[in-house]
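Data block below; observations after.
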2 protein chains.
Amino acid sequence: MGRHFGAITCDSCKSFFRRTAFVKQLFECPSDGRCNITADTRKSCQKCRLKKCFDAGMRKVLRVN
Amino acid sequence: MGRHFGAITCDSCKSFFRRTAFVKQLFECPSDGRCNITADTRKSCQKCRLKKCFDAGMRKVLRVN
DNA sequence: GCTGGTCACAATGACCTC
DNA sequence: AGAGGTCATTGTGACCAG
């Protein structure tokens, strides 16, 4: 854990966000955007996982202050 | 397409069923079993994909007649 | 402490042989 | 026609170096 891209996240979500947030994505969600993302399910839905990253405050560009 | 394990399925689902149906699985579903499995989302939820395989009539043992 | 880079590992699915 | 086998490809995440 630690602050990554503006939010406190685990290392795997840091890597996921680094890989996915910076490029245009065409992820398909199996549940119309209603996935519950946990450590056990995070691999399942990239769309909901990325949304959760943004919702948690992760940002592409580090905010100044 | 063709008959695989008792149902008409694509080749990828044939391979998936072969890999997963014969061993005890601990799949976690991101949407509490309500995933809509399509060609685009089938990678996302193994639990719902395997259930759909069984629902489609795929069986571990070939039925006689 | 946080960044990007690396790479072993595992799942997928197209293709193959029997 | 349908079974199992193979393996290139890809995403993941632990770990590394700056």
Side-chain angles (χ1 to χ4, degrees):
Chain A
M1 302 291 280
R3 186 168 291 268
H4 302 298
F5 299 101
I8 306 296
T9 77
C10 61
D11 200 69
S12 67
C13 287
K14 179 196 79 163
S15 295
F16 173 77
F17 191 81
R18 173 158 44 83
R19 278 195 304 272
T20 59
F22 296 80
V23 287
K24 193 171 184 69
Q25 299 294 345
L26 297 171
F27 296 141
E28 290 288 333
C29 169
S31 73
D32 198 28
R34 292 187 296 269
C35 290
N36 181 36
I37 301 298
T38 67
D40 286 331
T41 66
R42 66 188 177 206
K43 284 187 182 180
S44 295
C45 185
Q46 296 170 305
K47 187 170 188 171
C48 289
R49 186 181 190 179
L50 184 56
K51 181 179 185 304
K52 186 169 182 176
C53 286
F54 279 114
D55 287 348
M58 299 180 85
R59 293 293 180 269
K60 298 180 181 186
V61 179
L62 282 179
R63 268 87 54 90
V64 194
N65 82 352
Chain B
M1 300 292 279
R3 186 167 292 268
H4 302 298
F5 300 101
I8 306 296
T9 77
C10 61
D11 200 69
S12 67
C13 287
K14 180 195 79 163
S15 294
F16 173 77
F17 191 81
R18 173 158 43 84
R19 278 195 304 271
T20 59
F22 297 80
V23 287
K24 194 173 183 68
Q25 299 295 343
L26 298 169
F27 296 141
E28 291 287 334
C29 169
S31 74
D32 199 27
R34 292 185 296 269
C35 291
N36 181 36
I37 301 298
T38 67
D40 286 331
T41 65
R42 65 188 177 205
K43 284 187 182 181
S44 293
C45 185
Q46 297 170 303
K47 188 171 189 171
C48 290
R49 186 182 190 179
L50 184 56
K51 180 178 186 303
K52 186 170 183 176
C53 287
F54 278 113
D55 288 348
M58 300 181 84
R59 293 292 180 269
K60 298 181 180 185
V61 180
L62 282 179
R63 270 87 54 88
V64 193
N65 83 349

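Every chain is numbered from 1 and lettered A, B, ... according to where its sequence line falls, protein lines coming before strand lines. Predicted model, so just to flag it, every value in this text is computed and none were measured.
Under the side chain to side chain contact (heavy atoms under 4.5 Å, CB included) criterion, Asn36(B) pairs with Thr38(B), sequence neighbours left out. Listed by chain and residue number, Pro30(B) satisfy the side chain to side chain contact (heavy atoms under 4.5 Å, CB included) test with Ser44(A) (two or more places apart in sequence, or in another chain).
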Review item, nucleotides 5-7 of chain C N/O atoms under 3.5 Å of protein N/O:
| residue | atom | partner | partner atom | Å |
| --- | --- | --- | --- | --- |
| dG5(C) | N7 | Arg18(A) | NH1 | 3.1 |
| dG5(C) | N7 | Arg18(A) | NH2 | 3.3 |
| dG5(C) | O6 | Arg18(A) | NH2 | 3.0 |

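If you measure from atom CD1 of Ile37(A) to atom C1' of dT12(D), you get 14 Å, rounded to the nearest angstrom. Note: CE (Met58(A)) to C1' (dT3(C)) measures 12 Å, nearest angstrom. When rounded to the nearest whole Å, the span between NE2 of His4(A) and P of dG1(C) equals 11 Å. Atom CE of Met1(A) is separated from atom P of dC15(D) by 16 Å (rounded to the nearest Å). Protein atom NZ of Lys43(B) is 12 Å distant from nucleotide atom C1' of dA14(C), rounded to whole Å. Distance Glu28(A) CD to dG11(D) P: 15 Å, rounded to the nearest Å. Taking atom CZ of Phe17(A) as the reference point, atom C1' of dG13(D) lies 17 Å away to the nearest angstrom. Spacing between atom CZ of Phe16(A) and atom C1' of dG11(D) amounts to 10 Å, rounded to whole angstrom units.
A heavy atom closer than 4.0 Å to some atom of DNA chain D occurs in no member of residues 45-52 of chain B.
Note that CE of Met58(A) is 12.0 Å distant from NZ of Lys52(A), once rounded to the nearest 0.5 Å. Interatomic distance, Cys35(B) SG to Gln46(B) CD, rounded to the nearest 0.5 Å: 11.0 Å.
By the 4.5 Å heavy-atom criterion applied to side chains, Lys60(A) and Phe22(A) are counted as neighbours.
A donor-acceptor pair is defined here as one N or O able to donate and one able to accept, closer than 3.5 Å; such a pair exists between the side chain of Arg59(A) and the backbone of Phe54(A). Under a 3.5 Å cut-off, the side chain of Lys47(B) and the backbone N or O of Gly33(B) do not form any donor-acceptor pair.
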Side-chain atoms of residues 7-14 of chain A: list all donor-acceptor pairs with protein atoms under 3.5 Å, sequence neighbours left out, distances to 0.1 Å.
| residue | atom | partner | partner atom | Å |
| --- | --- | --- | --- | --- |
| Ser12(A) | OG | Arg42(A) | NH1 | 3.3 |
| Ser12(A) | OG | Arg42(A) | NH2 | 3.4 |
| Ser12(A) | OG | Arg49(A) | NH2 | 3.4 |

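Pairs passing the ring-ring contact (aromatic ring centres under 6.0 Å, His included) check and including a residue from residues 25-44 of chain A, sequence neighbours excluded, do not occur.
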